[in-house]
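Reckoned from all heavy atoms, side chains included, excluding hydrogens, waters and symmetry mates.
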Amino acid sequence: MSRPNPAVLMGILVAALALLGGAAVLKGGFYIGKHEGDTLHLMQIVFRMAEGQVPHRDFMTPIGGLAFAPIALFVKSGMGIGMATLWSQVLMAALILPAVWWVAMSRLSPYLAAFFGIVVMVLMLALVHGEAQRSVSISMHYNRWAWGAAFVAILAAIVPPVHPRSGVIDGIIIGLMACVMVLIKVTYFAAFALPVVLALILTKQRRALIVALLTGAVVAGAITLWLGPDFWLAYLGDLLTVARSEVRPQPGEPLSAVVGAPAYLGGSLVAIMGVILLRQARADVGGLVLLTLLPGFFYVTYQNFGNDPQWILLLAVLLLALRPQGEATNAMGWNMRGALNICAAMALALGAPSFFNLAYSPFRHFNVDVSTYAPLLQRGGIHEDLQGAALRVERVDGRVALDAPGMALAAYANADHREDPPQFMGETFATCNVELGLPTVFDAISRDLEAAGLAGGKRIFAADLFSSYWLFGDFEPLVGGAPWYYGGLPGYASADYLLIPICPVVQDVQAQVLKAIEAEGTDGLAEIRRTDLYILYSKG
């Protein structure tokens, strides 16, 4: 098998980085088309980190700090949140590029190496999380970054280098990619750590395994010295809270559907067929390790919103890389190289819609008509460079249950698999939730509180999915609060006010929060303001 020209491969990767990254940053701002709530969640975390706060220790989140640290770095330097987000993607792609180049160059044929490198660059630089819906969004960018790190580590482990060297560089790369997964989203590390270790052992890359373990230990030790051992305990605590949460046990389809539903069954069957064909082609190690990877592929897909099986593209690369070089046949006389080619082609076809959506999302963003967009933060100053479609930002739509004969609220709740309408301190609230215009709702409530003289650095705990009011007015974030509510009452002890939106983002979350507050005790709570948008209690 011919080897890639190192300079040509590096040129292709740099060109992909420049083309995709350039298309994004040259727009001069960031213009999203959906997921405004997720974007506000990201902004809360980034602004906290830019002020020096540490994830898990100073606020609650199950997402690792590395998912937001690059954005916070640019914000801290004085850049607006929109451009900071775009440049952070360029930075992450540039940092992973040498590892992609080394692994692809040492293991793959020229065309396959170029394809693999472009796939990883697309994952790092796309402006949508995946699927085939075209609207630009930064939501769940950390899933793409973690997939990129996982692709590099898995390929390096399961496909040994053509000309084995000392294994030191391979080990450093694998160890660093494992650390990236831990520090971005630990689900990826938990899913792929054992298959990667098994692959390194079975492919006799034992020196690389030892170096990878040492690299991971050095990184973990450095972080412990920097942030203290309580950082890891706090991170674990956040993960356990989310695992036990009733709010979002999984963000999409159940696991059985991710494996066997009509939209996913084709990919599952192709993966199983690939395992069988590799075994028949006498690529026993590759087939065995691929089999151990499948549960992780399915589980990570199940854990990610949208349930987009990004691993299908990696499957195609692995099948092509592990093909026998000669005319190997199985017991029935099949040409196994040709059979694996067909299997890989099927995987590529299944992964094509999501891949092309990812790949040309920066160019869609470059061509948007900015006159139809509005800032998410109307008083954001330099941070007004992050904007959303004006129709979604400024127009407020809600969904309200009709209470009429034969359509009682409780019946509606049960039919919609919801809890009964929220109740608090003897009051029952109508079933309602905000569908569009979340930034406008937050801004309107914040302005009303300021006009009533109730701002001035106060802290608000909202009975809702988000407590984002400090982004929109003269308020402070909750100490130990949660930018996205998963359970319990994080930050409630530091709050000056309890705010109950009349029409929250998620009614079930509001009900759960109010139950938790009543269980803790309502002594000291006094209603001090009531409008058409909210009820406000002071915490005396």
Q | Residue that, paired with W311, satisfies ring pair (Phe, Tyr, Trp, His ring centres under 6.0 Å) out of F298, Y264, F151 | A | F298
Q: Decide if atom NZ of K76 counts as having more than 12 heavy atoms of other residues, nucleotides or ligands within a radius under 6.0 Å.
A: no
Q) Are more than 12 heavy atoms from other residues, nucleotides or ligands located less than 6.0 Å from atom CZ of R379? A) yes
(Q) Check this for me: F189, atom CZ, are more than 12 non-hydrogen atoms of other residues, nucleotides or ligands nearer than 6.0 Å? (A) no
Q: Please check if atom CG in D397 has more than 12 non-hydrogen atoms from other residues, nucleotides or ligands closer than 6.0 Å.
A: yes
Q: Could you grab the distance from atom CD of E518 to atom CG of L525, nearest 0.5 Å is fine?
A: 9.5 Å
Q: Determine the interplanar angle of the F442 and Y469 rings, folded into 0 to 90°, and report it as parallel if under 30°, tilted if 30 to 60°, perpendicular if over 60°.
A: perpendicular
Q: To the nearest 0.5 angstrom, please state how far the CG atom of L436 sits from the CD atom of E36.
A: 7.0 Å
(Q) Tell me whether the rings of H41 and F68 are parallel (<30°), tilted (30 to 60°) or perpendicular (>60°). (A) perpendicular
Q: Apply side chain to side chain donor-acceptor pair (under 3.5 Å) to K27 and list each qualifying residue two or more places apart in sequence or on a separate chain.
A: none
Q. Taking the six-membered ring of Y360 as reference, does the NZ or CZ atom of R364 fall below 6.0 Å from its centre and within a 45° cone about the axis?
A. yes
Q) Should the pair K539 and Y492 be classed as cation-pi, given the thresholds of under 6.0 Å to the six-membered ring centre and 45° from the axis? A) yes
Q) Got a second to check how far D496's CG is from S538's OG, nearest 0.5 Å? A) 9.5 Å
Q: Can you sort out the partners of W145 under ring pair (Phe, Tyr, Trp, His ring centres under 6.0 Å), two or more places apart, ordered by chain and number?
A: H141
Q | CG on L350 to CZ on F355, rounded to 0.5 Å | A | 15.0 Å
Q. Taking everything shown except L194 itself, do over 12 heavy atoms lie less than 6.0 Å from its CG?
A. no
Q. Should the pair W147 and F192 be assigned to parallel (<30°), tilted (30 to 60°) or perpendicular (>60°) ring geometry?
A. tilted
